[in-house]
Amino acid sequence: MTRAERAEAVCQILARTYPDAHCELDYTNPLELLIATILSAQCTDKRVNIVTKDLFRTCHTAADYVALPQEQLEDFIKTAGFYRSKAKNIKACCQGLVEKHGGDVPRTMDDLTALAGVGRKTANVVLGNAYDINIGVVVDTHVQRLSARLGLTKHADPVKIEQDLMKLVPQDKWTLFSHWLIWHGRRRCYARKPDCPGCELKEICPSAGKVKK
DNA sequence: CTCCCGATAT
DNA sequence: ATATCAGGAG
């Protein structure tokens, strides 16, 4: 089985396994998704959603975040971890939104990654989910881990992994594909102790039963 | 490369 | 006790 054939099989099986796969961060507009995604670094979506429930009641526009004192913002997001750098980045990011984009969330990779706290992963999440723009594949910790286990890449660098995945998956499925891998990573292919015996991909996964520790 | 950091599962 | 969680900046 070639790598391309395996990628196609992964898509087919996971599409059937997770027909309602979607972004599990809570948001009602592009700005909320941007803030939630910045907060999601090294933190569970569940925790981010607890934090944003209160935060989004207070802040509705980019200008609201700029006006909110850093210390108050830190109190809102404290339990999500990295709270000092995240608070600093959110304020600087929103300042950029106000100054360069009239308070709106931009729709290009370059404009998004120019914002504080926004890297390629966060930009791809916003573009794919808030704007339905498929310019790349979201490569987070789950996509990185599963791509390696499934033999879809031999690289460790997220940018190179993304390039490999873009060649293996049709562009119109890029956003869905990342959701499939993330859902599978959360529900079956755990980082620490993957459930290979119960895995829907065990027949085609080169790592099935071989993950140590 | 290191640092940022609290919550949770093992 | 330790690994991990929708990473990014310096």
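Each chain gets a letter, A, B and so on, in the order its sequence line appears, and its residues count up from 1. This one's a predicted model, so the numbers in the text were calculated from it and none came from an experiment. Hydrogens, waters and symmetry mates are skipped; everything else that's a heavy atom, side chains included, is used.
- One can place CD of Gln144(A) at 12 Å from C1' of dA6(C), the figure rounded to the nearest angstrom.
- Spacing of P atoms, dT2(B) relative to dA3(C), comes out at 15 Å, to the nearest Å.
- Counting any heavy atom pair closer than 4.0 Å across all strands shown, Thr141(A) reaches sugar-phosphate atoms only and no base atom.
- Taking the C1' atom of each, dT2(C) and dC5(B) are spaced 15 Å apart, rounded to whole Å.
- Annotation: dA6(C) and dT10(B) have their P atoms spaced 14 Å apart (nearest Å).
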Would you be so kind as to tabulate the donor-acceptor pairs closer than 3.5 Å made by side chains of residues 110-120 of chain A, with sequence neighbours excluded?
unit_1	atom_1	unit_2	atom_2	d
Asp111(A)	OD2	Thr108(A)	OG1	3.2
Thr113(A)	OG1	Met109(A)	O	2.8
Thr113(A)	OG1	Asp110(A)	O	3.4
Arg120(A)	NE	Glu162(A)	OE1	2.5
Arg120(A)	NE	Glu162(A)	OE2	3.2
Arg120(A)	NH2	Glu162(A)	OE2	3.1

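- Judged by closest nucleotide on DNA chain B, Gln42(A) is the one of Gln42(A) and Lys46(A) placed further toward the 5' end.
- Judged by distance alone, with hydrogens and angles left aside, the side-chain atoms of Gln72(A) form no donor-acceptor pair with the main-chain N or O of Leu68(A) at under 3.5 Å.
- Taking every heavy atom of residues 65-98 of chain A and every atom of DNA chain B, pairs under 4.0 Å involve Lys78(A), Thr79(A), Gly81(A), Phe82(A), Tyr83(A), Arg84(A), Ser85(A), by number.
- Separating the CH2 atom of Trp183(A) from the C1' atom of dC5(C) is a distance of 17 Å, rounded to the nearest angstrom.
- Transitive grouping of hydrophobic side chains (ILVMFWY, heavy atoms separated by less than 4.5 Å) brings Leu25(A) and Ile133(A) into a common cluster.
- Residue contacts for Thr122(A): at a heavy-atom cut-off of 4.0 Å it reaches the sugar-phosphate backbone alone, with no base atom in range.
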- Stepwise salt bridge (charged side-chain N to carboxylate O under 4.0 Å, His left out) check, Arg186(A) with Glu24(A): CA-CA 11 Å; Arg186(A) 286 176 173 158; Glu24(A) 294 184 271; 2.4 Å; yes
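- Within 6.0 Å of NZ on Lys88(A) lie no more than 12 heavy atoms contributed by other residues, nucleotides or ligands.
- Taking atom NZ on Lys193(A) and atom C1' on dC5(C), their separation rounds to 19 Å, with Å as the unit.
- One can place CZ of Arg145(A) at 12 Å from C1' of dA3(C), the figure rounded to the nearest angstrom.
- Within the 3.5 Å criterion, the main-chain N or O of His22(A) finds a donor-acceptor partner in the side chain of Trp183(A).
- Atom-to-atom, NE2 of His184(A) to C1' of dA6(C) comes out at 17 Å; the value is rounded to the nearest Å.
- Nearest-nucleotide assignment on DNA chain C puts the 5′-proximal partner with Cys23(A), out of Val118(A) and Cys23(A).
- Within 4.0 Å (heavy atoms only), Ile38(A) reaches no atom of the nucleic acid at all.
- The same atom, C1', is picked in dG8(C) and in dT8(B); the two are 23 Å apart, to the nearest Å.
- Here the P atom of nucleotide dC5(C) and the NZ atom of Lys121(A) are 12 Å apart, to the nearest Å.
- For Arg186(A), a side-chain nitrogen or oxygen approaches OP1 or OP2 of dA6(C) to under 4.0 Å.
- Put simply, Arg47(A) has a side-chain N or O that comes within less than 4.0 Å of OP1 or OP2 on dT8(B).
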- Evaluation steps, salt bridge (charged side-chain N to carboxylate O under 4.0 Å, His left out), between Lys121(A) and Asp140(A): CA-CA 7 Å; Lys121(A) 177 258 170 180; Asp140(A) 72 331; 5.9 Å; no
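- Leu34(A) has its CG atom 18 Å from the P atom of dA6(C), to the nearest Å.
- A donor-acceptor contact under 3.5 Å is formed by the side chain of Arg192(A) with the base of dA3(C).
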- For Asp195(A) and Arg187(A), what are the C-alpha separation, side-chain angles and deciding distance, and is it a salt bridge (charged side-chain N to carboxylate O under 4.0 Å, His left out)? CA-CA 9 Å; Asp195(A) 178 18; Arg187(A) 291 159 178 74; over 6 Å; no
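- Between Leu115(A) and Val125(A), the residue anchored closer to the 5' end of DNA chain C is Val125(A), taking for each the nucleotide with the nearest heavy atom.
- For the P atom pair drawn from dA9(C) and dA7(B), the interatomic distance equals 24 Å after rounding to whole Å.
- Atom-to-atom, CG of Leu165(A) to C1' of dA6(C) comes out at 15 Å; the value is rounded to the nearest Å.
- Nucleotides dC5(C) and dC4(B) place their C1' atoms 14 Å apart, quoted to the nearest Å.
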